[in-house]
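Data first, discussion second: the structure below is written as structure tokens.
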Amino acid sequence: MKIPKAYDPNKKEGKIYKLWEKTGYFNPDNLPENHKDPFSILMPPPNANGSLHIGHSLFITLQDIMTRYNRMKGKKALWLPGADHAGFETQIVFEQKLEKEGKSRLDMEREEFYEKVWDYTQKNREVVKDQIKKMGASCDWSRDTFTLDEKIVETTHNTFKKMADEGLIYRKKRLVNYCTNHQTAFSDLEVEHVRRKTPLYYIKYGPFILATTRPETKFGDTAIAVHPEDRKYRKYVGKEIRIKTLLGEKKIKVIQDEAVDREFGTGAIKVTPAHSEVDYEIWQRHKDEMPDPIEAIDKDGKMTDVTGPYAGMSVEKARKKVVQDLKKKDLLQRIDEEYEHNLSVCYKCGKKIEPILMKQWFIDIKPLAEPAIEAVKSGKIKIIPDNYKKVYLHWMENIKDWNISRQNWWGIEIPAWKCQNCSTEDDEKWVITAGKKPKKCPQCEENNLERDGDVFDTWFSSGQWPFATLLNESDLEQYYPTSVMETAYDILFFWVARMIMLSLYKTEKIPFKTVYLHGLVRDENRDKMSKSKGNVINPIEIAEEYGTDALRMSLIVGNLPGKDVVISENEIKGYRNYVNKIWNMFRFLMFRCEDYEPGKNPKLSNKDKKLIDEFNEKAEEVTSHIENFEFSHAAEKIYHYSWHRFADEIIEESKPILDDKNKKAGRQEVLITIFTGILKLAHPFIPFVTEEIYQKMPLEDKKETLMIEEWPI
RNA sequence: GGGCGGUUAGCUCAGCGGCAGAGCAUCUCGCUUACAUCGAGAGGGUCGUGGGUUCGAAUCCUACACCGCCCACCA
């Protein structure tokens, strides 16, 4: 057998993956009969709107390690892959693409746009699929699921209908986070807060001086609020006072509310329920003392008609003008330019989020949160690392109703129709179905129904991923609840928390037993990788240059749960060397064991036996690390043992022994046994090179693939 | 404002009560028929700071400093 000096991953990996696919063992239904107990992981579906990045490689590697390990352990291992339509995100990516071509979504009908995005995602899906394969993922492609597959859409609709029937869905005009740039509302999670310096304006309101950063919202003022214990304003409380405004005189009531901070500004604030979260809540508490909210800003971020001469102006322009005019009319006391506060911005475009009153669909979330809290508190769901348990519980215990409607085109449409006959402005009559358009309104019995048009927050459907993907009965029975949910810590609330709530609600079972959270991948300078910084490591290019196995090792060693992982090309190069080292151990063995016959069981010396025992001890350690989700330690141990113990010492010591006719056979047996053991232990981490070698090893009872070999110990 | 994590060799990080560790990088020597993508060897650390517990502290407690992250309605 002629064996090249260096292992060339690029030449081999594609072929090896094809071999694995050919065996069919990625699909647990095809595994040999002795694989009984199920093990299941659902892949967090990568977005079908771009290509694989290093973060994907990380989770693919972690999940593949768990899957391959459990498969070798004799489990009926299922790793179910998928792709995410990623509603809002994809719409933006696609709109940017259109913009580059000089086109816009608004030039076409909604159906046409939808079809185009559909085609786009389907193409991308194929690209991503090939890239996942390139990473060596041993997932079951026969169960590959797209988040817009019929069964997922149906499930989503069903859940919505069930919730609506049980009174957990409501549609209400409420203050929502609205991005005037993207023209959609968001849930609280899509809003980011940035620290900004904003001028704080002190405006005269009759006898009051009120501090605000947003003078342009003054047209929406419906009260002045002071703290209940603040004595200095006591004489005004409960009274309507007359004030001079830019639009003439106005009467406004003074109320008391705990939410007012006496230290802020002058201790009295203007209440603008239509454009501020705090103020909205004050209004909720004082409805009988205050008029209805006045909307001064519309969905386009323009001033409304109630603002008189300012109507139609953008918020920014209006603010400048209002400040100017206040000065002119001597209504501005002073400006504090040094004021710093938190500004809400869109997580995607970074532009200011405008809180405005809108009708949206909400989930009454508390009833869902309670069992989700219990599941984690009781330990039925274990979170690794465990400090995230606290983070999860804190969020869950303070959860707010979830706005699930988005004003986008790309996504799953909300199955709700409004009866045009029965609805009034204040009292809308909606018909909610499990997907199909209703024939008539149950009230007026006529068909004058109009679809809502909004789509679901993508996380509402992905939150149902665990049971939606396993819908056929035998899968649900065997693989649900799944064994592990492996994902990044930054989507703990977005996704993991929602999966727990929605799964418990719909199936009355936990969706997974363990949540393993990994960190973000950073460059040598600990910077987050981003295209604009130019520090991205493209996993596909790296895999082509150094091999997927090397990339996988570098992603795993030094990577602890919940912590960010730093990788560099230099490090990857180091693991490329390691992979080659393994290759050369194999080369040495083949060179010196040409006359080795498997299955002969030669007599072993005491020293030989000791070496085997030593390996078994190592294998036990590695196994226990994997069982405890300590993949970094497991990989490091295999690395260290195979290189610095097996190659540096055992092989070196064996050289003279292999020259000794009497001891040779026993030593060959030992070396081959231990090395085969190393291949097995290392397989989940570096599947390609180990498989390539395994295929060429002279072994008794050799399996079709190392993938289904028995785990040592 | 609340919470979490971190601070150990040049870099990335283990170790978490008993002689300071690994990988990468650096330096020296070596192309010896497995491998120069290699081998043999070397240098390099008051374990963030102060206090405490202990026979013994990188490890436990406590205060502080700095870095990072998350949550939060401070207008």
Side-chain angles (χ1 to χ4, degrees), chain A residues 3-9 175 188-189 191-193 198 200-201 210-215 217 221 225 257 259-272 275-282 339-344 355 385-395 397-400 489-490 492-493 519-520 522-526 528 546-547 550 553-554 557-560 562-593 630 632-633 635-637 639-640 643-644 647-648 651-652 654-655 671:
Chain A
I3 306 167
K5 274 187 171 186
Y7 170 68
D8 183 354
L175 200 68
D188 295 336
L189 283 177
V191 179
E192 279 180 4
H193 302 276
T198 325
L200 184 63
Y201 304 93
L210 305 184
T212 180
T213 55
R214 302 205 58 190
T217 63
D221 296 346
D257 195 279
V260 180
D261 179 356
R262 296 163 67 176
E263 305 302 314
F264 173 78
T266 56
I269 60 165
K270 64 194 209 57
V271 185
T272 320
H275 301 291
S276 151
E277 184 70 32
V278 198
D279 297 6
Y280 181 80
E281 282 169 18
I282 291 177
Y339 185 67
E340 250 189 54
H341 75 136
N342 278 335
L343 201 63
S344 300
D386 62 3
N387 56 303
Y388 276 93
K389 182 175 171 176
K390 247 193 199 170
V391 178
Y392 167 90
L393 288 174
H394 180 260
W395 185 78
E397 278 157 6
N398 295 289
I399 199 165
K400 285 195 192 162
Y489 66 70
D490 61 347
L492 178 63
F493 306 142
L520 307 174
R522 294 174 184 274
D523 73 2
E524 298 128 293
N525 305 319
R526 299 211 110 264
K528 218 166 160 174
Y546 299 107
M553 275 302 274
S554 72
V557 177
N559 179 359
L560 272 79
K563 286 191 180 169
D564 292 350
V565 55
V566 174
I567 70 162
S568 63
E569 192 158 339
N570 221 351
E571 194 191 346
I572 297 165
K573 208 187 269 178
Y575 290 112
R576 186 267 319 259
N577 296 353
Y578 171 63
V579 167
N580 193 56
K581 183 75 186 180
I582 297 221
W583 178 255
N584 275 287
M585 295 175 205
F586 161 66
R587 197 160 167 259
F588 171 82
L589 290 189
M590 293 307 95
F591 192 64
R592 302 299 302 269
C593 300
E630 296 160 350
S632 172
H633 293 160
E636 223 178 319
K637 261 193 185 142
Y639 177 98
H640 203 265
W643 196 327
H644 300 302
D648 289 352
I651 285 186
E652 289 307 320
S654 299
K655 283 178 179 171
L671 291 177

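Here is the naming used below: chain letters follow the sequence lines, and residue numbers restart at 1 for every chain.
Across all strands shown, A:Y201 has no heavy atoms under 4.0 Å from either base or sugar-phosphate atoms. In this structure, A:D261 reaches the bases: a heavy-atom distance under 4.0 Å links it to at least one base atom across the strands shown. Within the 4.0 angstrom heavy-atom criterion, only backbone atoms of the sugar-phosphate kind lie near A:Y639; the bases stay farther away. Nucleic acid contact class of A:K389 (heavy atoms, under 4.0 Å, all strands): none. Within the nucleic acid shown, A:H644 comes within 4.0 Å of sugar-phosphate atoms alone, with no base atom in reach, counting heavy atoms only.
Side chain of A:F493, nearest nucleotide from B:rC24, B:rC71, B:rC4: B:rC71. Among the nucleotides B:rA72, B:rC35, B:rG23, the one closest to any side-chain atom of A:R587 is B:rC35.
Using C1' as the reference atom, B:rG52 and B:rC4 are 25 Å apart when rounded to the nearest Å. Rounded to the nearest Å, the gap between the C1' atom of B:rC66 and that of B:rU28 is 39 Å.
Here A:W643 reaches the OP1 or OP2 of B:rG39: one of its side-chain N or O atoms lies under 4.0 Å away. Phosphate contact (OP1/OP2 of B:rA72, side-chain N/O of A:H394, threshold under 4.0 Å): absent. Distances shorter than 4.0 Å separate none of the side-chain N or O atoms of A:K390 from OP1 or OP2 on B:rC70. Residue A:Y578 places none of its side-chain N or O atoms closer than 4.0 Å to OP1 or OP2 of B:rA22.
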Note to self: Let me check I have this right: for RNA chain B, each base becomes ., (, ), [, ] or |, based on Watson-Crick or G-U pairs with both distances under 3.5 Å. What is the full string?
What the structure shows: ((((((((.[[[[.)..(..]]]].(((((.......))))).....[[[[[..)....]]]]])))))))....

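At a threshold of 4.5 Å between non-hydrogen side-chain atoms, the residues A:C593 and A:F588 do not count as touching. In this structure the side chain of A:F493 reaches within 4.5 angstrom of the side chain of A:V391, judged on heavy atoms. Contact check for A:I567 versus A:I572: side-chain heavy atoms found under the 4.5 Å cut-off.
Relative orientation of the A:Y578 and A:Y639 rings is tilted, given thresholds of 30° and 60° on the angle between their planes.
Under 3.5 Å, the side chains of A:N580 and A:Y575 contain no donor-acceptor pair of N or O atoms. Judged by distance alone, the side chains of A:S554 and A:K573 never bring a donor and an acceptor atom under 3.5 Å apart. A:N559 and A:S632 share no donor-acceptor pair across their side chains, judged by distance under 3.5 Å alone.
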Next item on the list: Evaluate the side-chain contact (heavy atoms from CB on, under 4.5 Å) criterion for residues A:T212 and A:K270: first the C-alpha distance (whole Å), next the side-chain angles of each, then the deciding distance (0.1 Å), finally the verdict.
Entry: CA-CA 8 Å; A:T212 180; A:K270 64 194 209 57; 3.6 Å; yes

Which atoms of nucleotides 13-16 of chain B (N or O only) lie under 3.5 Å from a protein N or O atom, and what are those distances?
{"residue": "B:rC13", "atom": "OP1", "partner": "A:R526", "partner atom": "NH2", "Å": "2.7"}
{"residue": "B:rC13", "atom": "OP2", "partner": "A:R526", "partner atom": "NE", "Å": "3.2"}
{"residue": "B:rA14", "atom": "OP1", "partner": "A:K563", "partner atom": "NZ", "Å": "2.8"}
{"residue": "B:rA14", "atom": "O2'", "partner": "A:H633", "partner atom": "NE2", "Å": "3.1"}

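Between the base of B:rA72 and the side chain of A:N398 there is no donor-acceptor pair shorter than 3.5 Å. Interface remark: the A:K581 side chain does form a donor-acceptor pair with the B:rC35 base, using a distance-only criterion of under 3.5 Å.
Contact detail for A:V557 and A:E636: the closest heavy-atom pair is CG1-CG, 4.1 Å.
Atom CH2 of A:W583 is separated from atom P of B:rC38 by 16 Å (rounded to the nearest Å).
Side chain of A:N342 to backbone of A:H193: no donor-acceptor contact under 3.5 angstrom is found.
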